[in-house]
Student: 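The structure's right below; bear with me while I get my questions together.
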Amino acid sequence: MNKQNLIKWSFWPILLAVILIGYSYISAESVNKHLNFIPSHATAVVVLDSKYLANDLFELLKFNPTKIDEVLSAGESEGAPELSADLPGIVPLEKMAFYIYQDTRTKDQQLFRCFIATLSDESQFLRKMNGMREKAIVKDIGGGQVHFFKEDNKLVLIKENIGLVIEPIIPTFKLNIAIGEEHYKSVFSNEAVSLSEASSSFSKTLKQKNHVNIWSPNGEGVLRGFGEEMIGIDKMFNSQSISVNLIDDNVETIVHLFLNEKDLIIEKSTDILPLNNEELLRLSMSLNPKKLKDYFQTLLPSEKYFLADTWTGQICTSIIGFRNQPVYKLKSNTIIDNSKLDTVIQIDTVELSRLVNLPHFVLAIELEDGKTVRELLKIDSTIRAKDGYFYTKIPNLINENIYIKIIGNNLLLSSTPLGLKYEPSYSTFTFSMNIEELISNYPPKDMLQALLIPTINKFDFKSFEMYYDKMNDDFICLHGKLKLGKEDIHSLLKVIPFAFNMASEF
């Protein structure tokens, strides 16, 4: 049997063995104390609750034992299943968490991904993490150890029965044991501040019982890298929590967006329109115009704020394509000139988004009187007109224009001249994304993204939608659904080939 078939036919019994063995412990209460060691500077956290996944998958297969056949690839040659003895050494029904943090002390302020879990067998865990089977550099520290696998470019932190793995987001960045020691102190020392202590929204997230919970702070959520600075979304929310459950016909999501201030969102229409052929993503909100007067400062010069003077609070923004060239902005720093004993402003240019190629967008707002604003645009000598639209410079960006149109009482602002008839859809809060088209239209920013996109395509994601549900003093609640693969297969089974694809690829 070739290597790929061996992996494939050993994958199913491993999965089912973990589920069946783990199910016998379903009634046991999980402790999950390791989650309280996730540090306060984590920028995004994914928590996997294997206990509830095991319970639901067991129930599904107990009443539908042949359902597993629906996700097996047709035409594969059969072979004797093999169960690997190389187990990971973690407690199977404790929650497992993945998080990202940025180390400002490293070159280019590197990002690192981490995995944290409760250990059942420390030696097994270390063997599993030692992919290159090398002799680790070990440092005893604060009642625990830091293990540095130089060839594998990986750090493993151990204290009591908690294991933590660190890897760089950019594989070419070389780790060292000092990075592991610093992170050990920020996680396990007496002075360490945990994320559950620092963030009430994260503390609430940890108490939820879902298959997967995803938490992210301001600027790190679903719009990360997609122009959140330019459309002002980062001004409203301080953090986000997404709960994911694999249900019968799709992946259910429950989203909590934690508000910076009360009354930022106003309940209005719940009408929802499907995306048109040119839209890849749409976000629609009904905001409080009195509290968000500065919402457009990143898009409009100060002398053009009159454009939004009669804004009703209705706003709709869409991604309509992508750039393949970076966008630069001005960055000013106040420094002291020691030779002159004076304070000077140092101007530099930096890339607006280092992680992804930015999209082209259109942003629509509803005005009380669009006709008056149109007349003001016509007499403004600093605004140029061409082919039915106006345009002016975007503040602090280099060689970037904002294009302006008035259609009825709708003011349209776009990053490129609009070649389409854009009809805004206003509602309390909706988020719609055509994932297939978004991925196929996105130009990779670097070689790593070029390699990852085909792997993401194997997941067969279709679309993602979130709709307004309710609001309280701290957050608004949205319900959503992620569609993927064939709709007649339970989503719990759909994720199995995804896991196999990832295992066989890497």
Side-chain angles (χ1 to χ4, degrees), residues 223 227-237 259-261 263-266 268-269 282-320 327-332 347 352 358-429:
L223 292 180
E228 75 277 0
E229 288 185 49
M230 298 179 70
I231 63 176
I233 193 73
D234 57 327
K235 298 179 186 295
M236 294 184 296
F237 308 115
L259 301 167
N260 282 326
E261 293 183 59
D263 304 326
L264 289 179
I265 303 288
I266 297 176
K268 290 282 187 179
S269 168
R282 182 199 299 145
L283 173 67
S284 179
M285 295 176 287
S286 177
L287 306 176
N288 186 335
K290 294 180 181 179
K291 291 196 172 184
L292 288 161
K293 290 181 179 179
D294 63 344
Y295 191 84
F296 307 100
Q297 287 185 3
T298 54
L299 290 176
L300 297 171
S302 57
E303 66 273 13
K304 303 297 183 293
Y305 289 169
F306 71 86
L307 291 171
D309 279 347
T310 62
W311 175 42
T312 66
Q314 303 292 306
I315 188 167
C316 177
T317 185
S318 300
I319 288 178
I320 55 175
V327 175
Y328 292 97
K329 64 178 179 178
L330 293 172
K331 182 180 180 181
S332 60
I347 302 296
L352 186 59
L358 285 173
H360 280 300
F361 68 89
V362 54
L363 184 147
I365 65 173
E366 184 184 59
L367 305 175
E368 293 176 2
D369 187 358
K371 183 177 179 180
T372 299
V373 173
R374 186 187 296 108
E375 295 305 314
L376 290 171
L377 281 170
K378 289 180 179 179
I379 62 175
D380 191 327
S381 60
T382 64
I383 294 182
R384 300 180 180 181
K386 182 181 180 180
D387 299 333
Y389 55 82
F390 304 92
Y391 64 96
T392 187
K393 293 291 183 183
I394 299 180
N396 300 321
L397 297 190
I398 300 171
N399 298 324
E400 294 292 329
N401 294 325
I402 189 73
Y403 297 87
I404 306 166
K405 266 190 176 183
I406 305 287
I407 300 177
N409 281 336
N410 298 307
L411 170 68
L412 306 185
L413 305 173
S414 60
S415 60
T416 186
L418 284 178
L420 60 102
K421 183 180 179 181
Y422 184 75
E423 296 183 3
S425 170
Y426 301 122
S427 60
T428 303
F429 194 106

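What's counted below: heavy atoms across the whole structure, side chains too, no hydrogens, waters or symmetry copies.
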Student: Decide yes or no on side-chain contact (heavy atoms from CB on, under 4.5 Å) for Asn401 and Arg384, but give the supporting numbers first.
Tutor: CA-CA 11 Å; Asn401 294 325; Arg384 300 180 180 181; over 6 Å; no
Student: Closest approach of Gly313 and Pro289, non-hydrogen atoms and distance?
Tutor: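 Result for this residue pair: CA-CD, 4.0 Å.
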Student: Taking atom types as modelled, is there a side-chain donor on Ser414 or Lys405 under 3.5 Å from an acceptor on the other?
Tutor: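 Not at all, the side chains of Ser414 and Lys405 share no donor-acceptor pair under 3.5 Å.
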Student: Would you say Thr317's side chain and Val362's backbone share a donor-acceptor pair under 3.5 angstrom?
Tutor: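 Yes.
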Student: Can you confirm whether Leu287 sits close enough to Trp311 that some side-chain heavy atom of one is under 4.5 Å from a side-chain heavy atom of the other?
Tutor: yes
Student: Just checking Lys268: does its NZ atom have more than 12 heavy atoms from other residues, nucleotides or ligands closer to it than 6.0 angstrom?
Tutor: no
Student: Yes or no on side-chain contact (heavy atoms from CB on, under 4.5 Å) for Thr428 and Met285, after CA distance, side-chain angles and deciding distance?
Tutor: CA-CA 5 Å; Thr428 303; Met285 295 176 287; over 6 Å; no
Student: Hey, are the side chains of Asp380 and Lys304 touching, using non-hydrogen atoms and a 4.5 Å cut-off?
Tutor: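 They are in side-chain contact.
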Student: Looking at side-chain heavy atoms only, is the closest gap between Leu367 and Thr372 below 4.5 Å?
Tutor: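 No; the side chains remain at least 4.5 Å from each other.
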Student: What I'd like to find out is whether the side chain of Pro417 reaches to under 4.5 Å of the side chain of Asp387, using heavy atoms alone.
Tutor: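 They are not in contact (no side-chain heavy atoms under 4.5 Å apart), so the answer is no.
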Student: For Lys291 and Leu264, which heavy atoms make the closest approach, and how far apart are they?
Tutor: CB-CD2, 3.9 Å
Student: With a cut-off of 6.0 Å (strictly less than), are more than 12 heavy atoms of other residues, nucleotides or ligands near CD of Glu423?
Tutor: no
Student: Any chance you could lay out the side-chain contact (heavy atoms from CB on, under 4.5 Å) test for Tyr328 and Glu400, step after step, and finish with the verdict?
Tutor: CA-CA 9 Å; Tyr328 292 97; Glu400 294 292 329; over 6 Å; no
Student: Any chance you could measure Glu303, atom CD, to Thr382, atom OG1, to the nearest 0.5 Å?
Tutor: 6.0 Å
Student: I need the minimum non-hydrogen distance between Ala364 and Pro424, along with the two atoms involved.
Tutor: CB-CB, 3.7 Å
Student: Heavy atoms only: give me the nearest Thr310-Asp369 pair and the separation to one decimal.
Tutor: OG1-N, 3.8 Å
Student: Let me confirm one number: the CG-CD1 distance from Asn288 to Ile266, rounded to the nearest 0.5 Å.
Tutor: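 It comes to 4.0 Å.
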Student: Keeping the roles fixed (side chain from Asn409, backbone from Gly370), state whether a donor-acceptor pair exists under 3.5 Å.
Tutor: yes
Student: Roughly how far apart are Leu412 CG and Tyr403 OH, rounded to 0.5 Å?
Tutor: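 It comes to 15.0 Å.
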Student: Check the pair Tyr426, Asn410 against side-chain hydrogen bond (donor to acceptor under 3.5 Å, both in side chains), reporting the backbone distance first and the verdict last.
Tutor: CA-CA 11 Å; Tyr426 301 122; Asn410 298 307; 2.8 Å; yes
Student: In Å and rounded to the nearest 0.5 Å, what is the CD1 to CZ distance from Ile320 to Arg282?
Tutor: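 Rounded to the nearest 0.5 Å, the CD1-CZ separation comes out at 12.5 Å.
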Student: Could you grab the distance from atom CG of Leu283 to atom OG of Ser425, nearest 0.5 Å is fine?
Tutor: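 Nearest 0.5 Å value for the CG-OG distance: 11.0 Å.
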Student: Output the distance between atom NZ (Lys393) and atom CG (Asn399), rounded to the nearest 0.5 Å.
Tutor: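 Result: 5.0 Å between the selected atoms.
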Student: Just do the side-chain contact (heavy atoms from CB on, under 4.5 Å) check on Leu376 and Phe306 with the steps written out, would you?
Tutor: CA-CA 9 Å; Leu376 290 171; Phe306 71 86; 3.7 Å; yes
